[in-house]
Amino acid sequence: MSFRLFDAPLREPSQFVGFAGNTIDRQSENRADDSVDKALADPATRLLLMHGGRLYLKLGDDGALDPWFGATESEPFKVSLAQGILLGFSERGPVLAVPAGVEPERLPETVKAIDYRSVYMQGLIDEAAAGAMAQGAALLAWHASHRFCSKCGTESQMRAGGYKRHCPNCGTEHFPRTDPVAIMLTATREKCLLGRGRHFAPGMYSALAGFIEPGETIEAAVRRETLEEAGIRLGRVVYHASQPWPFPYSLMIGCFGEPLNDDIQADLNELEDCRWFFRDEVRLMLERTHKDNLVTPPKGAIAHHLIRAWVDSE
Ligand SMILES: [Zn+2]
């Protein structure tokens, strides 16, 4: 009998999703309360500057956008270095994410503040920088919404280079959270189930998704969400790939589900439409050649990869 445990592709599907290109060495075992100060003393340190869900980008003469700032270079942008987070280390030195305080309309001509989603969707920075942006964006968002101890209400303090908050009153330690979201493509050999959320771009259909709840396995969440949103009961569920999703700090967990019934009962509070699509139609949606201009999500999205993997599975 062969050893089946690692019967998985050598090229992990998760390598190909957006935000997966993070090359930072986090060195999590070495994080200390003076990590940020030490990093800032290193002239090789590079900073990502973030403000209100936007990343600052330097506009070069050639039109290229550069997200990396030196510590001195960042000074005019009202940066809060004390609120900076040590993301880890690149080959060139330490990497920090730092909140900045200049409103987009007050920035010089040579610096743009662009929202994370556009930076990612438009591929404005390389994969490694996009991964670092996702890491920094998630952590800064968590700190911004967890300033006070949830046990006693006292203002807590950032520790461990930004990977912890400590309450000086009751001593509780608070750690950054990641919210797991199940995203699943229900499919048979012939057809797959796609839905349209009310906020989707025109013509776009995607895999169904929902938050995994406390006390639930990934598989149970996939089955529950599919039943609730589409009225489809699932048999087998298999994991395919995951994607960091910094809106504000989720992890998308992509799965395939095997349907046990055919009759869709869409939850129209959640979805505008939900229906079966045959393989040839989905291929046209991936290629952006569908006659009704129906499309799948863009390439960086994990839903795109689930759909692509299913279309190519035959
Ligand atoms: Zn407390």
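Whatever order the structure lists ligands and atoms in, that order sets their numbers, starting from 1.
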For this session: Specify the closest pair of heavy atoms between Lys112 and Leu107, including all atoms of both residues, with the distance to one decimal.
Result: C-CD1, 4.1 Å
Problem set entry | Met184 side, atom CE; Ile232 side, atom CD1 - distance, nearest 0.5 Å | 12.0 Å
For this session: Report yes if some heavy atom in the side chain of Pro13 is under 4.5 Å from a heavy atom in the side chain of His240; otherwise report no.
Result: yes
Problem set entry | Side chain proximity check, Ile253 to Leu251, heavy atoms < 4.5 angstrom | yes
Exercise. Counting no waters, what protein N/O/S atoms lie under 2.8 Å from the Zn ion (ligand 1)?
Worked result: Cys149 SG, Cys152 SG, Cys167 SG, Cys170 SG
Seminar exercise, completed: For residues 282-304, the salt bridge (charged side-chain N to carboxylate O under 4.0 Å, His left out) pairs (sequence neighbours left out) are Asp280-Arg283
For this session: May I ask you to check if Arg117 and Phe247 form a cation-pi contact, with NZ or CZ under 6.0 angstrom from the six-membered ring centre and within 45° of the axis?
Result: yes
